[in-house]
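For clarity, every value in this text was computed on a predicted model and none was experimentally measured. Residue numbering restarts at 1 for every chain, and letters A, B, ... go by the order of the sequence lines.
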Amino acid sequence: MAEKQQYQIYHTINLIPEGKVASYGQIADLAGLPRRARLVGYYLKHCQATENLKWHRVIKSSGQIAFPPGSERAKVQSENLAMEGVVVKNGRVNMKKYQWTPDITDILYKLKF
DNA sequence: AAGCTGACGAATG
DNA sequence: ACATTCGCCAGCT
């Protein structure tokens, strides 16, 4: 049950293309879990396989990095994003420019529910 | 079983 | 632009 949700969330996150970002709420919605932005954060925090998860492409809807500015984790995330061409300035990114806007057919094809 | 917490979000001043 | 407040809801205690 909860495992299924967790899988959907991780799967959805990994659909975010390089050079783009998505918000927690956006991921929750796409994963079929509306109003569950915090749940996305919860699962990300507790997940093990961070190695193969593109968690750094997930940020707040405001464009802010979810970690305290200057913290180690915020730094790592910023660097990962910068590596993909996403400009991070003062711990936040230009959503207008970098927010992932998934193609409807893309989603219907890749997520089956 | 009731209360607390939080890698959130939107509205408000 | 920034801080506060409030709503949200699964999972923990």
[X] has an atom [atom1]; how far is it from atom [atom2] of [N], in whole Å?
X: A:Tyr24; N: C:dC8; atom1: OH; atom2: C1'; answer: 17 Å
X: A:Ile9; N: B:dA7; atom1: CD1; atom2: P; answer: 14 Å
X: A:Gln64; N: B:dG6; atom1: CD; atom2: P; answer: 19 Å
X: A:Lys45; N: C:dG11; atom1: NZ; atom2: P; answer: 15 Å
X: A:Lys60; N: B:dC8; atom1: NZ; atom2: P; answer: 5 Å
X: A:Leu44; N: B:dT5; atom1: CG; atom2: P; answer: 22 Å
X: A:Arg92; N: C:dC2; atom1: CZ; atom2: C1'; answer: 11 Å
X: A:Phe67; N: B:dA7; atom1: CZ; atom2: P; answer: 8 Å

- Query: Taking only N and O in the side chain of A:Ser61, is any of them less than 4.0 Å away from OP1 or OP2 of B:dA10?
  - Reply: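 Yes.
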
- Message: Does C:dG11 have OP1 or OP2 under 4.0 Å away from a side-chain N or O of A:Tyr43?
- Response: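 A:Tyr43 to C:dG11 OP1/OP2: side-chain N or O found under 4.0 Å.
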
- Query: Looking at A:Leu39 and A:Gln5, what are the two nearest heavy atoms and their distance?
  - Reply: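 Scanning both residues, the minimum pair turns out to be CD2-OE1, 3.8 Å.
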
- Message: Once you apply a heavy-atom cut-off of 4.0 Å, does A:Ser23 come out as touching a base, just sugar-phosphate, or nothing?
- Response: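 The residue A:Ser23 makes sugar-phosphate contact but no base contact.
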
- Message: Counting the atoms with a prime plus P, OP1 and OP2 as sugar-phosphate, which does A:Leu39 contact under 4.0 Å by heavy atoms, base, sugar-phosphate, or nothing?
- Response: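 Sugar-phosphate only.
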
- Query: Hey, mind stepping through A:Leu15 and A:Lys110 against side-chain contact (heavy atoms from CB on, under 4.5 Å) and telling me if it holds?
  - Reply: CA-CA 8 Å; A:Leu15 291 184; A:Lys110 289 175 177 164; 3.6 Å; yes

Nucleotide of [options] approaching [X] most closely (side-chain heavy atoms):
X: A:Arg35; options: C:dC9, B:dG9, C:dA10; value: C:dC9
X: A:Trp55; options: B:dC8, C:dG11, B:dA7; value: B:dA7
X: A:Arg36; options: C:dC8, B:dA7, C:dA10; value: C:dA10
X: A:Ala37; options: C:dC8, B:dG9, B:dA7; value: B:dG9

- Query: Is it true that the side chains of A:His56 and A:Glu84 contain a donor and an acceptor less than 3.5 Å apart?
  - Reply: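 The criterion, which ignores hydrogens and geometry beyond distance, is satisfied for A:Glu84 and A:His56.
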
- Do A:Ile65 and A:Leu81 pass the side-chain contact (heavy atoms from CB on, under 4.5 Å) test, and can you show the C-alpha distance, the side-chain angles, and the key distance before you say yes or no? CA-CA 11 Å; A:Ile65 300 289; A:Leu81 287 173; 4.1 Å; yes

- Message: I'd like to know if A:Tyr42 reaches the base of C:dA10 with its side chain such that a donor and an acceptor end up less than 3.5 angstrom apart.
- Response: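 When only heavy-atom distances are counted, A:Tyr42 does not reach the base of C:dA10 through any donor-acceptor pair under 3.5 Å.
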
- Message: Test of understanding: clusters of I, L, V, M, F, W, Y form through side-chain heavy atoms closer than 4.5 Å, transitively. Do A:Val76 and A:Val21 belong to the same one?
- Response: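 Yes, one cluster joins them.
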
